[in-house]
Engineer: 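Below is one structure. I have some questions about it.
Just the heavy atoms: all of them, side chains too, but no hydrogens, waters or symmetry mates, feed the values below. Nothing fancy with the numbering, it's 1 onward along the sequence.
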Amino acid sequence: MSVPPLQALPLALLRQRTSTKWRSYGDDVIPMFVAETDFALAPGITAALHRAVEIGDTGYTPPRPGIDLDFADFADRHWGWRPDPTRIRWTGDVMMGVVEVLRAVTSPGDRVIVTPPVYPPFYDTVEEAGTVVERVPLVDDGHGWQLDLEGIERALAAGARSVLLCNPHNPTGTVHTRESLAGLARLAHRFGATVVSDEIHAPLTHAPAVFTPFLDAAPEAAVVGYTVTSASKTYNLAGLKCAVIVTGADETAAVVRGLPWEVEWRAGLFGVIANRAAFSADSDEWLEGLLAALDQNRRLLADLLAEHLPLARYRIPDAGFLAWVDVSAYGWGENPAPFIRREAKVALHHGPLFGEEGVGHVRINVGCAPEVLREAIERIGRLVPAV
């Protein structure tokens, strides 16, 4: 029997939250920009955190917190892939893990490939690691987006040393195919490069799309790859710092073990507690309900855009709760989000921050109640002059 969709919390209750989504703008603005969702926590997470507060379990994260086994079990249940728990480490969040891995596998000034339009912190992270961004945009074939393997090959042949992969891809919601990921792994192996894969949106893959962990895509992937991921996007835990760094070979595992000791200490105890509860089988039913709710909203958005913004271009994403929408036809400027926020009182993410491919685009967070999504698109639709 299928699990019913989760119901978002009431707007009046959500506005009592003190996170970025609810404190960046006034109550007259519908916030749909940052990647926070509007649902109650999974019951197992709530119980685990309540218990920690009840007994004052607020100290340092232990040297063996157990999240390695929990993540391995989660990956096995959901993707049929069981990474070796001895090759799983932890840190504060995904971008912390990415920058530390990049520092370990590159030298200052090396070029790192990113595939725009892509999550804005990718650019900052590459620079923080002392390396240089090499842009190889996704290819739009008219039906969807995919990695430009020929472009990546040219960049690697010209000396790029690493690829920073977003799998599934933010903001397009693309779930890269096993074949594409295997091709990337073989290219990296041939040129002696590495692949660092951010897989934070993986649990939010919608059927019939099938998520492939990069490290499981091909034998070469285990040799060249580093995966960094967390329960934080799926389970709305961004404020509780914890992520895992996963490797698939002795050599790459040794690189991660050689990172500075404070990399692991950056994981907060509440973050570990919450991530462990999220990765538990007890939270799988909640995840199923979340996916049902997000599936409804990603499809509802298509209907709402067709009704209120018919010139907008939108593909229903394969994964996640973030929608990539081209509204350039309406002439609201290279960066439409500020205009929309000012005139419609709806806060969306700024498209150009994802790269020049984001000119005229906005990213919309659909992890909310359907009626909130409807109100937001109706507000934006009222900006279009009547014909």
Engineer: For the residue pair Pro83 and Ala72, what are the closest heavy atoms and their distance?
Structural biologist: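 Between these two residues, the closest heavy atoms are O-CB, 3.6 Å.
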Engineer: Can you check whether Ala221's main-chain N or O pairs, donor with acceptor, with Arg186's side chain at less than 3.5 Å?
Structural biologist: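 A pair under 3.5 Å: no.
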Engineer: Between Asp148 and Leu138 (side chain of the first, backbone of the second, donor and acceptor by atom type, cut-off under 3.5 Å), is there such a pair?
Structural biologist: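 Checking the backbone N and O of Leu138 against the side chain of Asp148, no donor-acceptor pair under 3.5 Å is found.
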Engineer: Parallel, tilted or perpendicular for Trp261 and Trp265, by the 30°/60° rule?
Structural biologist: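 Perpendicular, since the angle between the ring planes exceeds 60°.
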Engineer: Would you say that Asn275 contacts Asp70 through its side chain, given a criterion of any heavy-atom pair below 4.5 Å between the two side chains?
Structural biologist: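 Not touching, per the 4.5 Å side-chain cut-off.
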Engineer: May I ask you to test the Leu164-Val126 pair for a side-chain heavy-atom distance under 4.5 Å?
Structural biologist: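 Yes - at least one pair of side-chain heavy atoms lies under 4.5 Å apart.
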Engineer: Please determine whether the number of non-hydrogen atoms from other residues, nucleotides or ligands lying under 6.0 Å from atom CD of Glu150 exceeds 12.
Structural biologist: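 Atom CD in Glu150 is not crowded, with 12 or fewer foreign heavy atoms closer than 6.0 Å.
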Engineer: So, do Leu49 and Phe270 sit near enough that their side-chain heavy atoms are less than 4.5 Å apart?
Structural biologist: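 Yes. Closest side-chain heavy atoms under 4.5 Å.
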Engineer: Looking at Pro65, is its backbone amide N or carbonyl O close enough to the side chain of Arg276 to form a donor-acceptor pair, meaning the two atoms are under 3.5 Å apart?
Structural biologist: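 Yes, because the side chain of Arg276 sits within donor-acceptor range (under 3.5 Å) of the backbone of Pro65.
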Engineer: Would a hydrophobic clustering, with Ile, Leu, Val, Met, Phe, Trp and Tyr connected at side-chain separations under 4.5 Å, put Val139 with Val136?
Structural biologist: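 No, separate clusters.
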Engineer: For the atom pair NZ (Lys345) and CG (Asp27), what is the distance rounded to the nearest 0.5 Å?
Structural biologist: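 Those atoms lie 12.0 Å apart.
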Engineer: Between Thr91 and Asp93, is there a donor-acceptor pair closer than 3.5 Å when you use the side chain of the first and the backbone of the second?
Structural biologist: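 The answer is no, because no donor-acceptor pair under 3.5 Å joins these two groups.
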Engineer: We want to know whether Thr229 and Thr227 form a side-chain donor-acceptor pair, criterion being a heavy-atom distance below 3.5 angstrom.
Structural biologist: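 No - no donor-acceptor pair under 3.5 Å links their side chains.
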Engineer: Which heavy atom of Asn365 sits nearest to which heavy atom of Ala35, and what is that distance?
Structural biologist: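 Taking every non-hydrogen atom into account, ND2-CA, 4.0 Å.
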Engineer: Evaluate the side-chain proximity of Val384 to Leu309: yes if any heavy-atom separation is below 4.5 Å, no if none is.
Structural biologist: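 Yes, side chains in contact.
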Engineer: Please determine if Asp250 and Arg87 form a salt bridge, counting it only when a charged side-chain N lies under 4.0 Å from a carboxylate O.
Structural biologist: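 A salt bridge links Asp250 with Arg87.
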Engineer: I'd like to know if Val272 and Val53 are part of one continuous hydrophobic network [Ile/Leu/Val/Met/Phe/Trp/Tyr, side-chain heavy atoms within less than 4.5 Å].
Structural biologist: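 Different clusters: Val53 never reaches Val272 through Ile, Leu, Val, Met, Phe, Trp or Tyr contacts under 4.5 Å.
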Engineer: Check for me whether the distance between the ring centres of Trp324 and His361 falls short of 6.0 Å.
Structural biologist: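 Judged by ring-centre distance (under 6.0 Å), Trp324 and His361 do meet the cut-off.
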Engineer: Checking the side chain of Thr61 only, and the main-chain atoms of Ala267 only, is there a donor and an acceptor separated by less than 3.5 Å?
Structural biologist: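 Yes.
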Engineer: With a 4.0 Å cut-off on N to O distance, would you call Arg266 and Glu100 a salt bridge?
Structural biologist: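 Yes, this pair counts.
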Engineer: So which pairs with a foot in residues 102-126 pass ring-ring contact (aromatic ring centres under 6.0 Å, His included), sequence neighbours left out?
Structural biologist: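 Every pair satisfying ring-ring contact (aromatic ring centres under 6.0 Å, His included) with a residue in residues 102-126: there are none.
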Engineer: Which heavy-atom pair separates Val346 from Ala376 by the least distance, and what is that distance?
Structural biologist: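 Val346 and Ala376 have their closest heavy atoms at CG2-O, 3.7 Å.
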Engineer: Do side-chain atoms of Asn236 reach the backbone of Thr37 as a donor and acceptor pair under 3.5 angstrom?
Structural biologist: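 A pair under 3.5 Å: yes.
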Engineer: Please round to the nearest 0.5 Å and tell me the distance separating atom CD of Glu199 and atom SG of Cys166.
Structural biologist: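 It is 9.5 Å, given to the nearest 0.5 Å.
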Engineer: Would you check, one step at a time, whether the test side-chain contact (heavy atoms from CB on, under 4.5 Å) holds for Arg374 with Leu304?
Structural biologist: CA-CA 7 Å; Arg374 182 177 297 279; Leu304 292 171; 3.4 Å; yes
Engineer: Hey, are His350 and Asn335 close enough side-chain-wise for a donor-acceptor pair under 3.5 Å?
Structural biologist: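 There is such a pair (donor and acceptor under 3.5 Å, judged by atom type) between the side chains of Asn335 and His350.
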Engineer: Is there a side-chain contact (heavy atoms from CB on, under 4.5 Å) between Ile45 and Leu237 once you walk through the steps?
Structural biologist: CA-CA 10 Å; Ile45 297 174; Leu237 304 173; 4.1 Å; yes
Engineer: Between the side chain of Arg341 and the main-chain N/O of Val29, is any donor-acceptor distance below 3.5 Å?
Structural biologist: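 The answer is no, because no donor-acceptor pair under 3.5 Å joins these two groups.
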Engineer: For the side chain of His308 and the backbone of Arg379, is there at least one donor-acceptor N/O pair under 3.5 Å apart?
Structural biologist: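 Not at all, since once roles are kept as given, no pair shorter than 3.5 Å links the two residues.
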Engineer: Look at the rings of Phe74 and Tyr235 and say which category their plane angle falls in: under 30° parallel, 30 to 60° tilted, over 60° perpendicular.
Structural biologist: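 Aromatic pair Phe74/Tyr235 classed perpendicular.
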Engineer: With rounding to the nearest 0.5 Å, note down the distance linking CG in Leu9 to CD in Gln16.
Structural biologist: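 One gets 10.5 Å once the value is rounded to the nearest 0.5 Å.
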Engineer: Considering all heavy atoms of both residues, which atom of Pro317 and which atom of Arg298 are nearest to each other, and what is their separation?
Structural biologist: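 The pair with the smallest heavy-atom distance is O-NH1, 2.6 Å.
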Engineer: Would you mind listing every ring-ring contact (aromatic ring centres under 6.0 Å, His included) that reaches into residues 19-45, with sequence neighbours excluded?
Structural biologist: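 Counting only pairs at least two positions apart or across chains, the ring-ring contact (aromatic ring centres under 6.0 Å, His included) contacts touching residues 19-45 are Tyr25-Phe33.
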Engineer: Decide yes or no for Leu149 and Leu184: does some side-chain heavy atom of the first lie under 4.5 Å from some side-chain heavy atom of the second?
Structural biologist: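 In short, these two side chains touch, coming nearer than 4.5 Å.
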Engineer: Give the intermediate values and the outcome of salt bridge (Lys or Arg N to Asp or Glu O under 4.0 Å) for residues Arg89 and Asp68.
Structural biologist: CA-CA 7 Å; Arg89 312 305 292 176; Asp68 46 359; 5.8 Å; no
Engineer: Do NZ/NE/NH1/NH2 and the carboxylate oxygens of Arg51 and Glu54 come within less than 4.0 Å?
Structural biologist: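 Counted as a salt bridge, because a side-chain N and a carboxylate O are separated by less than 4.0 Å.
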Engineer: Backbone N or O of Val112 within a donor-acceptor pair of the Ser162 side chain at under 3.5 Å?
Structural biologist: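 Side chain of Ser162 to backbone of Val112, a donor-acceptor pair under 3.5 Å: no, none is there.
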Engineer: Would you kindly confirm whether Val224 and Val196 end up in one hydrophobic cluster when ILVMFWY residues are joined by side chain heavy atoms under 4.5 Å apart?
Structural biologist: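 Shared cluster, no.
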Engineer: So which heavy atom on Arg111 is nearest to which on Ala155, and how close?
Structural biologist: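 Closest pair (atom of Arg111, atom of Ala155, distance): NH1-O, 4.2 Å.
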Engineer: Calculate, to the nearest 0.5 Å, the distance between atoms CD1 and CE belonging to Ile380 and Met32 respectively.
Structural biologist: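 It comes to 7.5 Å.
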Engineer: Using side-chain heavy atoms (C-beta onward) and a distance below 4.5 Å, is Ile245 in contact with Ile88?
Structural biologist: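 Not in contact.
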Engineer: When rounded to the nearest 0.5 angstrom, what distance separates CG in Leu269 from OG1 in Thr58?
Structural biologist: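 The OG1 atom of Thr58 is 8.0 Å from CG of Leu269, to the nearest 0.5 Å.
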Engineer: Taking a hydrophobic cluster as the set of Ile, Leu, Val, Met, Phe, Trp and Tyr residues connected by side-chain heavy atoms closer than 4.5 Å, whether directly or through intermediates, do Leu311 and Leu305 fall within one such cluster?
Structural biologist: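 Shared cluster, yes.
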Engineer: Scan Arg363, Arg313, Arg315 and name whichever one has a salt bridge (Lys or Arg N to Asp or Glu O under 4.0 Å) with Asp326.
Structural biologist: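 Testing Asp326 for a salt bridge (Lys or Arg N to Asp or Glu O under 4.0 Å) against Arg363, Arg313, Arg315 leaves exactly one candidate, Arg313.
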Engineer: State whether Lys21 and Asp38 are salt-bridged, where the test is any N-O pair (Lys NZ or Arg NE/NH1/NH2 against Asp/Glu carboxylate O) under 4.0 Å.
Structural biologist: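 Judged by the 4.0 Å cut-off on N to carboxylate O distance, Lys21 and Asp38 do form a salt bridge.
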Engineer: Looking only at the side chains, is there a donor atom on one of Ser180 and Gln146 sitting less than 3.5 Å from an acceptor on the other?
Structural biologist: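 Note: Ser180 and Gln146 side chains miss the donor-acceptor criterion.
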Engineer: Apply side-chain contact (heavy atoms from CB on, under 4.5 Å) to Asp110 and Val132, showing your working.
Structural biologist: CA-CA 6 Å; Asp110 281 350; Val132 178; over 6 Å; no
Engineer: If the threshold is 4.0 Å, N to carboxylate O, is there a salt bridge linking Glu153 and Arg190?
Structural biologist: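 So Glu153 pairs with Arg190 through a salt bridge.
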Engineer: Indicate yes or no: at least one non-hydrogen side-chain atom of Val372 is less than 4.5 angstrom from one of Ile30.
Structural biologist: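 Counting from C-beta outward, Val372 and Ile30 do come under 4.5 Å.
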Engineer: Can you find a pair of side-chain heavy atoms, one from Val228 and one from Met96, that are under 4.5 Å apart?
Structural biologist: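 Not touching, per the 4.5 Å side-chain cut-off.
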Engineer: Quick check: closest heavy atoms across Ile200 and Ser230, and the distance to 0.1 Å?
Structural biologist: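 Heavy atoms of Ile200 and Ser230 come nearest at CG1-O, 3.8 Å.
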Engineer: Any carboxylate oxygen within less than 4.0 angstrom of a Lys/Arg side-chain nitrogen, looking at Asp303 and Arg299?
Structural biologist: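 Result for this pair is no, no salt bridge flagged.
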Engineer: Rounded to the nearest 0.5 Å, how far does CG of Leu181 lie from OG of Ser197?
Structural biologist: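 Result: 7.0 Å between the selected atoms.
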Engineer: Report yes or no: does Thr131 contribute a side-chain atom to a donor-acceptor pair with the main-chain N or O of Glu127 at less than 3.5 Å?
Structural biologist: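 No.
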Engineer: Are Leu383 and Leu348 in one and the same hydrophobic cluster, where Ile, Leu, Val, Met, Phe, Trp and Tyr link if side-chain heavy atoms are under 4.5 Å apart?
Structural biologist: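 In one cluster: yes.
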Engineer: Give me each pair satisfying ring-ring contact (aromatic ring centres under 6.0 Å, His included) with a member in residues 192-230, each pair once, sequence neighbours excluded.
Structural biologist: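 Qualifying pairs, neighbours excluded: Trp79-Phe211.
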Engineer: Check the side chains of His78 and Asp284 for a donor-acceptor pair under 3.5 angstrom, ignoring hydrogens and angles.
Structural biologist: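 Short answer, yes.
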Engineer: Below 4.0 angstrom, N of the basic side chain to O of the carboxylate: do Glu356 and Arg135 qualify?
Structural biologist: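 Salt bridge: yes.
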